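Computed from a predicted model, the values in this text were never measured in an experiment. When a ligand or atom number is given, it counts from 1 through the structure's own listing order.
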Amino acid sequence: MKSIGVFDSGVGGLTVVRELIRQLPNENIVYFGDTARVPYGIKSRETVIRFSIENILFLLKQDVKLICVACNTASSFALPVIKNYFRAPIIGVITPGVREAVYASQNKRIGVIGTKGTINSRTYETEIKQLDPKAKVVSASCPLFVPFVEEGWLSGEVVLSVVRGYLKPLKDAGVDTVILGCTHYPLLKPVIQQVLGKDVVLIDSAKQVACEVKKILSSEDLLNRGKGGRPAYRPGRHSFYVSDNPEWFSGLAQRFLGRQLKNVKKVNNV
Ligand code: DGL
């Protein structure tokens, strides 16, 4: 049975895998985390595009039927350029998040936070404006959030004061909806909500991405089926590959995936 391929710059894409497993429990998943070259958030467009193509070529060798780009930076920089290079459907995390944000916002002031690469690419802004030309978009890069999450700093005075600093322009602009445009940011949701106030809607695109994957597999008749075309009742198999340091990846998996991971394989050919 073919698998769903997912890639990210490192461990953060496991938040998307968690949702895929929840919504598509019978599907096989192959995950690749580019831990040798993380972070992507501070790299140039050309480099992120090159890494993304290499990651996709690796996944295609694993016999995947659809590719999900779980990394926001790769989705912002690479997806618009590469999505037509390959025959397999390729889904990113930007469009599903944008759709949900435009739907949720009442006052049409939408905030976007992400890595420097994601924010500088202006992909979120462009897509929001395409869907709602009247929307006002206020963006902010939050480069300290990824190390905070990876170090397990999810609350406390230091975190609170950094979050306050980064989110000030969004708060001042009176946004009523904020897209958490980075794989790691959903883990900082409580402190972000505390700073922005309980009425601001926080959009974590993982759920919408998994819905989109399900829709495409279903419309292209690619869902995992049992004998005679019946739905498969066997739980899907999940494989995890990284380009470096499988121990580090396994150690952080619990935080992002909600369970421990054994058997993370290191590959050298990416
Ligand atoms: N996965 C990246 C993203 O969602 C965050 C980590 C990195 O900078 O590579 O943008």
Side-chain angles (χ1 to χ4, degrees), residues 5-20 31-56 59 67-82 90-98 101 111-125 127 139-154 162 166 178-189 192 202-210 240-245 248-249 251-253 255-257 270:
V6 182
F7 83 83
D8 177 47
S9 54
V11 70
L14 291 177
T15 50
V16 174
V17 171
R18 186 180 192 157
E19 199 50 42
L20 283 170
Y31 181 91
F32 175 70
D34 196 5
T35 49
R37 305 190 289 197
V38 70
Y40 282 13
I42 51 166
K43 304 233 162 41
S44 68
R45 175 189 298 269
E46 295 69 35
T47 300
V48 174
I49 292 175
R50 177 162 58 83
F51 288 175
S52 301
I53 292 173
E54 288 167 2
N55 300 342
I56 290 173
L59 287 173
I67 289 170
C68 177
V69 184
C71 176
N72 284 259
T73 311
S75 295
S76 304
F77 274 151
L79 202 62
V81 183
I82 60 172
I90 305 182
I91 314 288
V93 287
I94 311 289
T95 312
V98 164
V112 179
I113 53 175
T115 63
K116 283 192 169 155
T118 297
I119 299 305
N120 291 342
S121 77
R122 307 185 78 158
T123 307
Y124 269 113
E125 199 175 325
E127 290 210 14
S139 306
S141 62
C142 309
L144 286 171
F145 284 7
V146 167
F148 275 163
V149 171
E150 293 188 357
E151 291 302 319
W153 286 39
L154 306 181
V162 171
Y166 281 148
V178 172
I179 300 180
L180 305 176
C182 173
T183 47
H184 290 56
Y185 297 2
L187 283 94
L188 288 169
K189 231 175 180 174
I192 293 173
L202 302 182
I203 307 287
D204 157 9
S205 50
K207 220 175 263 171
Q208 297 308 318
V209 173
F240 297 88
Y241 296 91
V242 292
S243 47
D244 196 16
N245 217 339
W248 173 82
F249 182 88
L252 281 176
R255 192 170 303 148
F256 289 88
L257 187 62
V270 186

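- Per-residue contacts place C182 under 4.0 angstrom from the following atoms of ligand 1 (heavy atoms of the residue considered): 3 (C), 4 (O), 5 (C).
- Classified by interplanar angle (parallel below 30°, tilted 30° to 60°, perpendicular above 60°), the ring pair F240/F249 is tilted.
- Regarding atom 2 (C) of ligand 1, its nearest protein heavy-atom neighbour is C71 SG, 3.5 Å.
- Every atom of ligand 1 is numbered from 1 in the order shown, and the set under 4.0 Å from a heavy atom of V38 is 9 (O).
- Residues I94 and L79 have side chains not in contact (no heavy-atom distance under 4.5 Å, counting atoms from C-beta outward).
- Shown here for G10 and T35, the closest heavy-atom pair between the two residues is CA-CG2, 4.1 Å.
- You'll find the ring centres of F145 and Y166 inside the 6.0 Å limit.
- Looking at T183, T73, L180, V93, it is T73 that brings a heavy atom closest to atom 10 (O) of ligand 1.
- Which parts of ligand 1 touch G41 is read off a 4.0 Å heavy-atom cut-off, strictly below it: atoms 7 (C), 8 (O), 9 (O).
- Polar contact with ligand 1: present for S9 (N/O pair, distance under 3.5 Å).
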Worked verdict on V242 versus W248 for side chain to side chain contact (heavy atoms under 4.5 Å, CB included): CA-CA 10 Å; V242 292; W248 173 82; over 6 Å; no
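- Between N72 and Y185, the side chains place no donor N or O within less than 3.5 Å of an acceptor N or O (distance only, hydrogens not considered).
- Taking a cut-off of under 4.0 Å to the non-hydrogen atoms of D8, the atoms of ligand 1 that pass are 1 (N).
- Selection from D34, N72, V11 by nearest heavy atom to atom 3 (C) of ligand 1 gives N72.
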